[in-house]
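Counting convention: from 1, in listed order, for ligands and their atoms alike.
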Amino acid sequence: MSELYDAILNGGAPQAAEATRQALEGGATALDLVRREMVPAMDEVGRRFECEEYFVPELLLAARAMKASLALIRPLLASSGAQPAGRVVIGAVKGDLHDIGKNIVASMLEGGGFEVIDLGSNVAPEKFVEAVRTHHAGLVCLSALLTVTMPAMRATMDALDAAGLRGQVKVMVGGAPVTGRYADEIGADGYGENAAAAVALARKLVDT
Ligand code: B12
């Protein structure tokens, strides 16, 4: 693993940005860095958290380092002005502050040619409804990392339904505790395990 992996694991934001710059200059692609360094580093952070080697402060530092790197990578993943493949509203559901995976999905969707409206984290159902209306989005992506925030996905589905928008938007869900079965249960149109799967599924959903 490279310096970027270590920088994220050690929570060094300036080091992560520098390692990202160097790797890009050395010819690495943005996608390579996400897949081979950033996601594995956050997986390791998660593992250390689970076995109590890391605590919340370390998580926050790692997340900050990841963001510093993502800020440099994001523009490279975004498409170069071609006709958008579709318009997507994305956010982490109400109560959920985890936004790293959601940010990666958003960046990859941009890289896949979608126009992405990122509502951030802790997004209330009515905010999703408002954004779909305002931006005439064809796809909504909901992210949840906590089992206790998964019900907010269902609440968001219900809010879209109550607003009469369910017929015009597809909904895709994801996040570590979310499963395909849960997606079916709440009536979502699809579930993606990771950012690459999210892009493939988004393409499929906007085509149907
Ligand atoms: C970083 C982190 C934090 C950071 C978040 C910083 C940030 N800005 O995001 C901080 C410190 C804030 C945090 C806080 C908490 N956390 Co936390 N956190 C994590 C950790 C270590 C990593 C998450 C992460 O970023 N993973 C890396 C990314 C790349 O992966 P990902 O998010 O899964 O996303 C990928 C896929 O899931 C998918 N995906 C994600 N979203 C979507 C959406 C769609 C539409 C699609 C298709 C795909 C998709 O694609 C992504 C890219 O491949 C996880 C452990 C883990 N291993 O997951 C715990 C974890 C999620 N946290 C946990 C907990 C308990 C908490 C706290 C309650 C802790 C506390 N006691 O305060 C709080 C809750 C805060 C809140 N209200 O949200 C638990 C959740 C347990 C559960 N099942 O409910 C975990 C699993 C740790 C654990 N084992 O205990 N956390």
Side-chain angles (χ1 to χ4, degrees), residues 4-5 8-9 11 13 16 30-31 33-71 73-74 77 86 88-112 114 116-124 128 137 139-153 156-157 169-180 182-183 186 188-206:
L4 176 56
Y5 177 89
I8 293 173
L9 202 53
L31 211 52
L33 293 183
V34 171
R35 283 192 189 143
R36 299 199 186 140
E37 314 288 342
M38 299 164 79
V39 173
M42 285 313 291
D43 283 347
E44 177 60 15
V45 170
R47 195 196 61 76
R48 291 186 186 189
F49 185 62
E50 269 155 38
C51 60
E52 298 189 353
E53 273 174 56
Y54 272 16
F55 298 95
V56 171
E58 284 90 355
L59 289 193
L60 287 172
L61 288 172
R64 209 178 58 172
M66 176 93 170
K67 278 186 184 166
S69 174
L70 212 50
I73 279 178
R74 211 168 222 221
L77 288 171
V88 184
V89 164
I90 189 168
V93 294
K94 189 171 180 183
D96 211 311
L97 300 177
H98 296 87
D99 65 357
I100 296 167
K102 184 268 297 165
N103 289 344
I104 294 177
V105 172
S107 300
M108 293 277 285
L109 285 169
E110 278 174 9
F114 287 86
V116 177
I117 295 114
D118 187 346
L119 304 181
S121 57
N122 188 20
V123 181
F128 280 106
L139 181 64
V140 176
C141 290
L142 305 177
S143 178
L145 262 285
L146 297 170
T147 44
V148 290
T149 57
M150 284 168 65
M153 289 184 151
T156 307
M157 297 291 302
V169 281
K170 297 282 168 61
V171 182
M172 181 161 89
V173 293
V178 181
T179 59
Y182 185 71
I186 63 170
D189 299 292
Y191 156 77
E193 196 183 348
N194 53 43
V199 177
L201 185 61
R203 289 214 173 101
K204 213 164 107 191
L205 290 175
V206 296

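Here D99 contributes atom CG and I104 contributes atom CD1; the two are 10.0 Å apart, rounded to the nearest 0.5 Å. Taken from CZ in F49 to CG in L59, the straight-line distance is 4.5 Å, to the nearest 0.5 Å. For the atom pair CZ (R35) and CD (E37), the distance works out to 13.0 Å, reported to the nearest 0.5 Å. Here the CG-CG distance, from L97 to L60, works out to 10.0 Å after rounding to the nearest 0.5 Å. Atom CE of M172 and atom CG of L205 lie 6.5 Å apart (nearest 0.5 Å). For the atom pair NZ of K94 and OG1 of T149, the computed distance is 12.0 Å after rounding to the nearest 0.5 Å.
Closest non-hydrogen pair, L201 versus G192, comes out as CD2-N, 4.2 Å. Here the shortest heavy-atom pairing between G95 and N122 reads N-OD1, 2.7 Å. Across all their heavy atoms, L139 and A202 have their closest contact at CD2-CB, 3.6 Å. In terms of heavy atoms, Y191 sits closest to A183 at CB-CB, 3.8 Å. Here the shortest heavy-atom pairing between V93 and A144 reads CG2-CB, 3.9 Å. For A65 against A16, the heavy-atom pair with the smallest separation is O-CB, 3.5 Å.
Set against the non-hydrogen atoms of D96, the atoms of ligand 1 under 4.0 Å away are 78 (O). Distances below 4.0 Å separate heavy atoms of G192 from the following atoms of ligand 1: 46 (C), 47 (C), 48 (C). Under a 4.0 Å criterion applied to the non-hydrogen atoms of N194, ligand 1 contributes the atoms 38 (C), 50 (O), 53 (O). Which parts of ligand 1 touch A176 is read off a 4.0 Å heavy-atom cut-off, strictly below it: atoms 33 (O), 37 (O). The A198 neighbourhood of ligand 1 comprises atoms 47 (C), with distances under 4.0 Å to a heavy atom of that residue. In summary, the atoms of ligand 1 found under 4.0 Å from a heavy atom of M42, numbered by their order in the structure, are 1 (C), 25 (O), 27 (C).
Among all protein heavy atoms, the one lying closest to atom 12 (C) of ligand 1 is L60 CD2, 3.7 Å. The nearest heavy-atom contact from the protein to atom 55 (C) of ligand 1 is G46 CA, 3.9 Å. For atom 41 (N) of ligand 1, the closest heavy atom belonging to the protein is S143 OG, 2.8 Å. For atom 78 (O) of ligand 1, the nearest non-hydrogen atom of the protein is L97 N, 2.7 Å. Protein heavy atom nearest atom 38 (C) of ligand 1, with residue, atom name and distance: E193 O, 3.5 Å. When hydrogens are left out, the protein atom nearest atom 39 (N) of ligand 1 is G175 N, 3.5 Å; that is the closest non-hydrogen contact. Looking only at heavy atoms of the protein, atom 77 (N) of ligand 1 is closest to G95 O, 2.9 Å.
A salt bridge links E44 with R47: the distance from a Lys NZ or Arg NE/NH1/NH2 to an Asp or Glu carboxylate oxygen falls below 4.0 Å.
Comparing heavy-atom distances from atom 25 (O) of ligand 1 across I100, L142, N122 singles out I100 as nearest. In the candidate list G190, G101, A197, G101 is nearest to atom 34 (O) of ligand 1, counting heavy atoms. Among A63, A62, G174, the residue whose heavy atom lies closest to atom 46 (C) of ligand 1 is G174.
The shortest side-chain heavy-atom distance between Y54 and L61 does not fall under the 4.5 Å cut-off. Between M42 and M66 the shortest side-chain heavy-atom distance falls below 4.5 Å. Looking at heavy atoms from C-beta onward, V178 lies in side-chain contact with M150 at the 4.5 angstrom threshold. A heavy-atom distance below 4.5 Å is not found between the side chains of R36 and L4.
For A195, a nitrogen or oxygen atom sits less than 3.5 Å from a nitrogen or oxygen atom of ligand 1, counting backbone and side chain alike. Considering backbone and side-chain atoms alike, T147 places an N or O below 3.5 Å from some N or O of ligand 1. On a distance-only criterion, D99 and ligand 1 share at least one N/O pair closer than 3.5 Å.
With a cut-off of 2.8 Å, the protein N/O/S atoms near atom 17 (Co) of ligand 1 add up to 1.
Distances from atom 82 (C) of ligand 1 to the protein include at least one heavy-atom value under 4.0 Å. Inside a 4.0 Å radius of atom 48 (C) of ligand 1 there is at least one protein heavy atom. Under the 4.0 Å distance rule, the nearest protein heavy atom to atom 8 (N) of ligand 1 falls inside the cut-off. Protein heavy atoms come within 4.0 Å of atom 29 (C) of ligand 1. Distance screen at 4.0 Å: atom 36 (C) of ligand 1 has a protein heavy-atom neighbour inside the cut-off. Atom 85 (C) of ligand 1 lies below 4.0 Å from none of the non-hydrogen atoms of the protein.
Neither the backbone nor the side chain of V178 comes within 4.0 Å of ligand 1, counting heavy atoms alone. With a 4.0 Å cut-off on non-hydrogen atoms, I104 touches ligand 1 through its side chain and not its backbone. When non-hydrogen atoms are compared, ligand 1 lies under 4.0 Å from neither the backbone nor the side chain of P177.
Assignment of K67 to the shell around ligand 1 is supported, since a heavy atom sits closer than 4.0 Å. Heavy-atom separations between R47 and ligand 1 are all 4.0 Å or longer.
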side-chain contact (heavy atoms from CB on, under 4.5 Å) between M38 and I100: does it pass, once the steps are laid out? CA-CA 10 Å; M38 299 164 79; I100 296 167; over 6 Å; no
Verdict with reasoning, L142 to V123, per side-chain contact (heavy atoms from CB on, under 4.5 Å): CA-CA 9 Å; L142 305 177; V123 181; over 6 Å; no
Mind running side-chain contact (heavy atoms from CB on, under 4.5 Å) on D96 and K102 for me, showing each step along the way? CA-CA 11 Å; D96 211 311; K102 184 268 297 165; over 6 Å; no
